[in-house]
Amino acid sequence: MSKTADIRLPDPSRWKALSFIALAQLMVVLDATIVNIALPHAQTALGITDANKQWVITAYALAFGGLLLFGGRIADLWGRKRTFVVGLIGFALASALGGAAQNQGMLFGSRALQGVFGALLAPAALSLLAVTFTDAKERAKAFGIFGAIAGGGGAVGLILGGLLTQTLNWRWTFFVNIPFAIVAAAGAYFVIREPAGSRNRSSLDIPGVVLSALGLVSLVYGFTRAESAGWSDPLTIGMFVASGALLLSFVLTEARVKSPLLPLRVVMDRNRGGVYLSLGLAIIAMFGLFLFLTYYLQVVRGYSPIRTGFAFLPMIAGMITGSTQIGARLMTRVPARRLMGPGFLTAAVGMLLLTQLQLDSSYTALILPAELLLGLGMGTAFMPAMSLATHGVEPRDSGVASAMVNTSQQVGGAIGTALLNTVAASAATAYATSHAALGATDPQLLKMQSLVHGFTGAIWWAVGILVVASAIAVTFINAGRPSLTAVTSGSGSGDADGVEDEFKVPVVAH
């Protein structure tokens, strides 16, 4: 039995809605890095021990990464607009609690609450974007802006964190979220109109919620712990084993229950699966790079927090250009894989330049062009990835499909930070030991040389990861360019004879 879809008229307030959705997304992405530069100051002010300081980052990552799928399902159940506003208000309150923290427990608790409300907010934002923009050309522009924010927001967080910490104090890295959240929540309440008939009112899959949350928390914590305790630590190994068992149980449960938390049809589509996997790998490489460049500029080159933040500006400019001027303009003309594959490869070339870092490397001659290539490549790839990740799904599944995008990014970020930092530390230790045995006489010089050697060793891994991400994008993703008019959503997979289909722009069927 065939179904005919009504082509609903575009929401006249859709571009205003985009500005508030983008503002909320910027706040969430900023928060992943803005606290990093302020952490040493917060640690001193609240008497946080070295052993516990990681929980400022880990508490947020565990709550956010573990509850994203649940947040996406809540968005489908409650409605994206309501979930979006609740997430913003909760995030603002949690930020106020963090800024007013009087001890480490209060700070850790506020970060966990930020993660909880961020897990509501992030998938609601992306799914609102997916159901608001249905015209292919407008969708390309909207996702170009969103992709630039998703890719460059972390670097903006480093700039803002440095400015606030150096000119005010560390507490303002929390308080700054409050005006962001208030403006975005008020704008969303009055401007955003969620399409009718797009909710999924099925009963909540409680076993799926528990298994997915525990499995993702175990995975994120395993990588986070590996960074400090090592890969052979019994608890680290136990976390990975538990994560594997829990996530396998989750998949088996989702295949049997009537109303799954994550319908397997969302991830089994080769295009969306390819996006989730390639995007997660790219984030592994990028988050590791943020960490290494920050340490290189501040510790090795002696840059101030503000100067370090501004040193990332070329990368942000490259991401914005790649996303809005390259990705958005070409998305309706070429298949997504022809943007994502070359985009990730361009980023890999930029990363390859950074393997040449030395103690006295020139920012202008080496780091600047590397950042521009990284930004252009990632921006070009991110835009079609964000759009395709929610493309072709039924409106009732858009929240959980959006959550999978954020889950791949969050888990990728946790893995990247832990994996590449461990590689860097091992390489630095090996370099220091071997050169000390050869009679190196200046301990401080040897320490800096070891650090840089460790950074470049880990960056080589990042190059390889980006090449793999490019290969996955080209191999798995076979959706053609989007149709220039909105039609009933389709799968977006290729024909049996290998000819690429035009992937369909979803509209709401009445």
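Panel note: side chain Thr236, backbone Ser232; no donor-acceptor pair is recorded below 3.5 Å. When atom types are taken as modelled, the side chain of Lys81 and the backbone of Tyr189 share a donor-acceptor pair closer than 3.5 angstrom.
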*Let me see the working for Leu46 and Gln102 under side chain to side chain contact (heavy atoms under 4.5 Å, CB included), right down to the final yes or no.*
CA-CA 7 Å; Leu46 300 181; Gln102 299 301 306; 5.6 Å; no
*Start with the C-alpha distance between Gln114 and Phe64, add both sets of side-chain angles, then the distance that settles side chain to side chain contact (heavy atoms under 4.5 Å, CB included), and finish with yes or no.*
CA-CA 8 Å; Gln114 281 185 317; Phe64 190 55; over 6 Å; no
*Dump the intermediate steps for side chain to side chain contact (heavy atoms under 4.5 Å, CB included) on Leu297 and Arg307, then the final yes or no.*
CA-CA 9 Å; Leu297 293 172; Arg307 190 180 178 190; over 6 Å; no
_Worked check of side chain to side chain contact (heavy atoms under 4.5 Å, CB included) between Leu357 and Ile367_ = CA-CA 8 Å; Leu357 277 179; Ile367 299 174; 4.1 Å; yes
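Below 30°, between 30° and 60°, or above 60°: for Trp172 and Phe175 the angle between ring planes is above 60°, a perpendicular geometry. Taking the six-membered ring for Trp and thresholds of 30 and 60 degrees, Tyr303 and Tyr363 have ring planes inclined between 30 and 60 degrees apart.
Nearest heavy atom pair, residue Val251 against residue Leu264, reads O-CD1, 4.2 Å. Shown here for Ala347 and Leu374, the closest heavy-atom pair between the two residues is O-CD2, 3.2 Å. Heavy-atom minimum distance, Leu67 versus Ala213: CD2-CB, 4.2 Å. Shortest non-hydrogen contact noted between Ala370 and Gly350 is CB-O, 3.4 Å. Of all the heavy atoms in Pro314 and Glu371, the pair that sits closest is CD-OE1, 3.4 Å. Contact between Ala122 and Leu68 at its shortest, heavy atoms only, is CB-CD2, 4.4 Å.
Within the 4.5 Å cutoff, side-chain heavy atoms of Ser243 are placed close to those of Leu247. Side-chain contact between Phe70 and Ser212: absent, with no pair of heavy atoms (C-beta onward) separated by less than 4.5 Å. Looking only at side-chain heavy atoms (C-beta outward), Met106 and Leu97 come within less than 4.5 Å of each other. Side-chain contact between Met239 and Leu235 is present, with heavy atoms from C-beta onward closer than 4.5 Å. Looking at heavy atoms from C-beta onward, Ile21 lies out of side-chain contact with Arg80 at the 4.5 angstrom threshold.
Atoms OG and CG, on Ser249 and Leu214 in that order, are 10.5 Å from each other to the nearest 0.5 Å.
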Enumerate, atom names and distances included, each donor-acceptor pair closer than 3.5 Å involving a side-chain atom of residues 274-292, sequence neighbours excluded.
from: Tyr276; atom 1: OH; to: Ala389; atom 2: O; distance (Å): 3.3
from: Tyr276; atom 1: OH; to: Ala401; atom 2: O; distance (Å): 3.2
from: Ser278; atom 1: OG; to: Gly274; atom 2: O; distance (Å): 2.8
from: Ser278; atom 1: OG; to: Val275; atom 2: O; distance (Å): 3.4

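Listed by chain and residue number, Ile48, Asn52, Phe108 satisfy the side chain to side chain contact (heavy atoms under 4.5 Å, CB included) test with Gln104 (two or more places apart in sequence, or in another chain).
For the side chain to side chain contact (heavy atoms under 4.5 Å, CB included) criterion with Leu211, the lone passing option out of Leu246, Ile206, Leu252 is Leu246.
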